[in-house]
Amino acid sequence: MKQDELTQIPKVAFFSTQAYDKTFFEKYNSDFGYELDFFESQLNEQTVKLIATTDVVCVFVNDIVNQSVIEQLVEKKVKVIALRCAGFNNVDLEAAKKYNLKVCRVPAYSPEAVAEHAMAMILTLNRKTHKAYNRVREQNFSLNGLLGFDLHGKTVGIIGTGNIGKAFAKIVKGFGCKVLAFDLVPNEELVDLGVNYVSLETIFKESNIISLHCPLNDTTKYIINEKSLSLMQDNVMLINTSRGALIQTLDVIHALKRGKVGYLGIDVYEQEDKLFFKDHSEDIIEDDQIQRLMSFPNVLVTAHQAFFTNEALSQIAITTLSNIESLLAKKEIDNKAALLV
Ligand code: NAI
């Protein structure tokens, strides 16, 4: 590296910035001393023009980092694309490799945060605490319509038992559920805890509750579709805190109408990049699928908030800044799972 490059303070440009990103990154940047530029816009082919030259771009789940964006990042002298999240389906890794850009992520900041949110969705859908809260405030103490079921003894199917799926399996075990799991690589610790690895088909057929914790890729896209839904028990509960496109939304809407799906909890949605993380309370929403979903009384939508805990945001900031430091200094990271390219 040339001397002038060594003495310059590296610049990091953040996209899709929310107030809390700024708070946590500014707090932990005191240990790193980078120049931080925060942009509220999503990164895409148009907004990439917002940055002049910069060393690093820091992106989140709905930023679009395709070949065209990457080509423009190269022109702006970017060396590192730092994801401040675990999933990386929104980045063209092949293109990054081709242009010699490093790409890193935060593989496990707080798996418990996401797993606990999945359980919160299950409990809300089941025991209808959201309705009870509103009812009693209006002095309506009736229980009609609030009937739930015991989780104890029910069968929970988990698809993907990595960091989050594993944390979730432990939680549902604690509730006394029978736990079935499907993963390409079974986790021995979970087997010892009594989790039963079975085929995907068995998960679909035998589970009362199915929770998705696998990444989005070519093999998992629309894993919940008309065919898999037809194998499921009537009144099944589906929980998706992973990525929206694991679910074929129109097929699930049909299954909700038929009563095949009795409860749906989604923290992610295929078209979420146009909606989530923003206040649209004064807008006309043109997306009819999300509007239809939100009209069902047995559907709970949260806006990609499963990760949103104090502990997770601290860890995200620390790991992202450490990843950047390692990549700018020596072009590798000790935590191999954090380095994507
Ligand atoms: P991880 O990489 O630790 O685990 C993913 C697991 O899925 C691995 O065990 C892998 O073998 C398995 N898998 C891969 N392909 C599969 C397939 N075809 N069928 C079944 N299993 C398969 O990832 P982690 O940290 O557990 O995160 C999982 C996903 O959760 C991420 O990819 C991300 O999309 C999502 N996520 C959502 C958040 C939210 O706020 N809603 C926050 C963080 C992650």
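As the structure lists them, so they are numbered: ligands from 1, and atoms in each ligand from 1.
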Heavy-atom pairs closer than 4.0 Å: do any link ligand 1 to the side chain of [X], the backbone, both, or neither?
{"X": "T220", "result": "side chain"}
{"X": "K166", "result": "neither"}
{"X": "I223", "result": "neither"}
{"X": "P107", "result": "backbone"}
{"X": "V114", "result": "side chain"}
{"X": "D183", "result": "both"}

### Message
Does either side chain, that of E226 or that of H254, offer a donor lying less than 3.5 Å from an acceptor on the other one?
### Response
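There is no such pair between these side chains.
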### Task
Compute both the distance and the angle, then confirm whether R135 meets the cation-pi test with Y133: under 6.0 Å from the six-membered ring centre, within 45 degrees of the axis.
no
### Test item: Q271 and I290 side chains (from C-beta on) under 4.5 Å apart, heavy atoms
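No, their side chains stay 4.5 Å or more apart.
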### Query
Within a strict 4.5 Å, meaning less than it, do heavy atoms of the V195 and T161 side chains meet?
no
### Y28 and F24 aromatic ring geometry - parallel, tilted or perpendicular at 30°/60° bounds
parallel
Are any of the N/O atoms on [X], whether in the backbone or the side chain, positioned under 3.5 angstrom from an N/O atom of ligand 1?
{"X": "A86", "value": "no"}
{"X": "L216", "value": "no"}
{"X": "Y109", "value": "no"}
{"X": "R105", "value": "no"}

#### Entry: Criterion side chain to side chain donor-acceptor pair (under 3.5 Å) against D267, the qualifying member of T241, N240, T302
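The single option meeting the side chain to side chain donor-acceptor pair (under 3.5 Å) with D267 is T302.
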### Message
Below 4.0 angstrom, counting only protein heavy atoms, does anything approach atom 4 (O) of ligand 1?
### Response
yes
### Message
Please report whether atom 15 (N) of ligand 1 has a protein non-hydrogen atom at a separation of less than 4.0 Å.
### Response
yes
#### Entry: T309 side chain vs A312 backbone, donor-acceptor pair below 3.5 Å
yes
### Summary
ring-ring contact (aromatic ring centres under 6.0 Å, His included) with F60: of F14, F15, F276, F277, only one passes, and it is F277
